[in-house]
There are 2 protein chains.
Amino acid sequence: MCRGGGMKTHRNSVIRLVQYKNILKKFESMGFLKIFSNNLADATGASAAQVRKDFSIFSIEGNKKGGYLVKELILKIEDILGKDKAHKVIVVGAGHIGMALLNYKGFEKEKIKIMAAFDVDPSKYGEVLGIPIFSIDRLPEFVRRHNIKLGISAVPDISAQQTIDIMVSAGIKGILNFAPTQVKGKNETIINNVDVVLELEKVIYYVKTR
Amino acid sequence: MCRGGGMKTHRNSVIRLVQYKNILKKFESMGFLKIFSNNLADATGASAAQVRKDFSIFSIEGNKKGGYLVKELILKIEDILGKDKAHKVIVVGAGHIGMALLNYKGFEKEKIKIMAAFDVDPSKYGEVLGIPIFSIDRLPEFVRRHNIKLGISAVPDISAQQTIDIMVSAGIKGILNFAPTQVKGKNETIINNVDVVLELEKVIYYVKTR
DNA sequence: TAGATTGTTAATCGATTAACAATC
DNA sequence: TAGATTGTTAATCGATTAACAATC
């Protein structure tokens, strides 16, 4: 993850916060009302002290004896993660990865809405599950009109930097990038890289040295 | 990343090692013969001291004055990462993510070969780019016959744990898991989770707090 | 040689954990 | 109350960086 400006990040705490939230939703659907730091620790693999420390960092308070109320805790974490309102996202690149994203069911329950996809290839234009696929030329206008701040780049390696540039100048502030290229955003753009080959190479290393 | 047994990991060093290797291949293709810790630092965003420290951890030596020979360095890193020989992988789940993986061009140049895919849905059986798609019933026999140690799980959330179990009992030692579920492998299995929604939620958080 | 770069040690920084007082 | 849990402080652990002797 690259960020432009400086800021105290608590990178790992944020990741764990997402995990706590996911576990909590399961607990909620199972009818649990209260939860203790120990339960969250067991479910996520963190220590109980870590759970409480994370909460402390984000000023989440529980009850000295009775742990945390599940529903309340979910709301607080979602608030911190910016999940209080829906998030509009565009996808650039309607190849196999892009299509997998358009068809992916996991975004909706996290209030993430893919508004449109964009591609250079006219044969891709159309609609998938109600999501329109446009020419990339229409990206800047679309992004501005809908006031979209988030984008996912799923284009080939070679087009990655150019795509990032287009997104950033259109006003996109945060990008999830699937191209295995070192891309650079201007100043304050958040870029998070997902590199499947790298992730598999980590597995190979650990299997080898196990 | 979850591992069963204990072991000094240098988790971040391994990730950087992969990044150095990728940069080095670019340098190589540009005709460079030598490289200095400073060059690698600039290209990857690490510090020069970090680069040399990483090399020191893995006993990679350079020349006191003349930096490192690019070709030699690539070979040494590939050796550490276990890239000295090709790696056979299976993909379980031939939905959109599975299909994106089968069509992905990035594995080949890292000597990663997808040997087959498996699915429960007979309508998926067939072949994609020469990669056969079989019934999941044939997985154990196939894995044993080809002595495959690596797998990628791209099945729906609900089937994730069951799929991991099948892979592990068939002899798979390392798994890249795309399901957003907390899965557990037995004892010594390496499991690395890729959760696209989580990665996007991180971006949302950092954009929000920027 | 003078200058530049490696390899390593010690210092710093940050993140995790242990411990415990405060509290219900 | 006694027991249990939170919230926070101090201790520990690990990773990064600064600095510099060794070397070419």
Side-chain angles (χ1 to χ4, degrees), chain A residues 1-3 6-20 23-24 27 32-70 72-74 76-77 80 202 205-206 209, chain B residues 1-3 6-20 23-24 27 32-70 72-74 76-77 80 202 205-206 209:
Chain A
M1 178 98 74
C2 319
R3 292 170 318 95
M7 145 159 287
K8 243 185 305 169
T9 51
H10 306 296
R11 208 170 68 84
N12 295 344
S13 294
V14 175
I15 296 172
R16 284 193 298 266
L17 225 45
V18 175
Q19 292 171 331
Y20 300 150
I23 296 289
L24 283 164
F27 274 104
F32 283 70
L33 296 178
K34 291 198 296 195
I35 198 164
F36 302 109
S37 57
N38 238 306
N39 303 132
L40 283 170
D42 290 346
T44 58
S47 70
Q50 178 105 80
V51 173
R52 297 198 300 276
K53 180 74 172 178
D54 286 335
F55 288 174
S56 165
I57 288 168
F58 295 103
S59 308
I60 295 175
E61 285 176 15
N63 311 296
K64 273 276 153 54
K65 169 78 182 301
Y68 306 82
L69 292 174
V70 173
E72 206 175 284
L73 192 46
I74 291 174
K76 278 180 185 163
I77 294 178
I80 291 160
K202 282 200 279 181
Y205 172 79
Y206 286 110
T209 56
Chain B
M1 179 96 74
C2 319
R3 293 168 318 96
M7 143 162 289
K8 243 184 304 167
T9 50
H10 306 295
R11 208 170 67 85
N12 295 344
S13 294
V14 175
I15 296 171
R16 284 192 299 266
L17 224 46
V18 175
Q19 292 170 331
Y20 300 149
I23 296 289
L24 283 164
F27 273 106
F32 283 69
L33 297 178
K34 293 198 295 193
I35 199 165
F36 302 109
S37 58
N38 237 305
N39 303 131
L40 282 170
D42 290 345
T44 59
S47 68
Q50 178 106 81
V51 173
R52 297 198 299 275
K53 181 73 171 178
D54 286 336
F55 289 174
S56 165
I57 288 169
F58 295 103
S59 309
I60 293 175
E61 286 176 15
N63 311 295
K64 272 275 156 51
K65 169 75 182 304
Y68 306 82
L69 292 174
V70 173
E72 205 176 282
L73 192 46
I74 291 174
K76 279 180 184 161
I77 293 178
I80 291 161
K202 282 199 279 179
Y205 171 78
Y206 285 111
T209 56

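Just so we're on the same page: letters track the sequence lines, and every chain starts at 1.
The separation between E61(A) atom CD and dT8(D) atom P is 7 Å, rounded to whole Å. The distance from atom CZ of F55(B) to atom C1' of dG7(C) is 12 Å, rounded to the nearest whole Å. Summarising the geometry, the separation between NZ on K64(B) and P on dT6(C) is reported as 10 Å, rounded to the nearest angstrom. Rounded to whole Å, atom P of dT6(C) lies 13 Å from atom CD1 of I60(B). Rounding to whole angstrom units, CZ of residue F58(A) and P of dG7(D) are separated by 15 Å. The separation between R11(B) atom CZ and dG14(C) atom P is 18 Å, rounded to whole Å. If you measure from atom CD of Q50(B) to atom C1' of dT12(C), you get 14 Å, rounded to the nearest angstrom.
When Watson-Crick and G-U wobble pairs are counted only if both distances are under 3.5 Å, dC20(C) pairs with dG7(D). Under the Watson-Crick or G-U wobble criterion, with both distances below 3.5 Å, dA15(C) is paired with dT12(D).
Sequence order on DNA chain C of the closest nucleotides to R16(A) and R52(A) puts R16(A) first from the 5' end. Both K53(A) and K65(B) lie close to DNA chain D; mapped to their nearest nucleotides by heavy-atom distance, the more 5′-ward contact belongs to K53(A). Each of G66(A) and A49(A) was matched to the nucleotide of DNA chain D holding its nearest heavy atom; the match closer to the 5' end belongs to G66(A).
Considering CD of E72(B) and CG of L33(B), their distance stands at 12.0 Å, rounded to 0.5 Å. Taken from OH in Y20(B) to CG in N39(B), the straight-line distance is 12.5 Å, to the nearest 0.5 Å.
Within the 4.0 Å cut-off from OP1 or OP2 of dT8(C), at least one side-chain nitrogen or oxygen of S56(B) is found. For the OP1/OP2 pair of dT5(C) and a distance below 4.0 Å, the side-chain nitrogens and oxygens of N63(B) include no atom meeting the criterion. In this model, the phosphate group of dT17(C) is approached by a side-chain N or O of S47(A) to a distance below 4.0 Å at OP1 or OP2.
Of all heavy-atom pairs between S47(B) and A41(B), the closest is C-CB, 3.6 Å. Of all non-hydrogen atoms in F55(A) and L40(A), the two that sit nearest each other are CZ-CD1, 3.8 Å. Heavy-atom minimum distance, F58(B) versus S13(B): CE1-CB, 3.8 Å.
Using a 4.5 Å heavy-atom threshold, the side chains of V70(A) and K34(A) count as separate.
Out of dA15(C), dC24(D), dT5(D), the shortest distance to the side chain of N12(A) is found at dA15(C).
Here Y68(A) lies in heavy-atom contact (under 4.0 Å) with sugar-phosphate atoms only.
Applying a 4.0 Å cut-off to non-hydrogen atoms, the residues of residues 32-44 of chain A that approach DNA chain D are F36(A), S37(A), listed by residue number.
Proximity of a side-chain donor or acceptor of D54(B) to a complementary backbone N or O of V51(B) within less than 3.5 Å is not detected.
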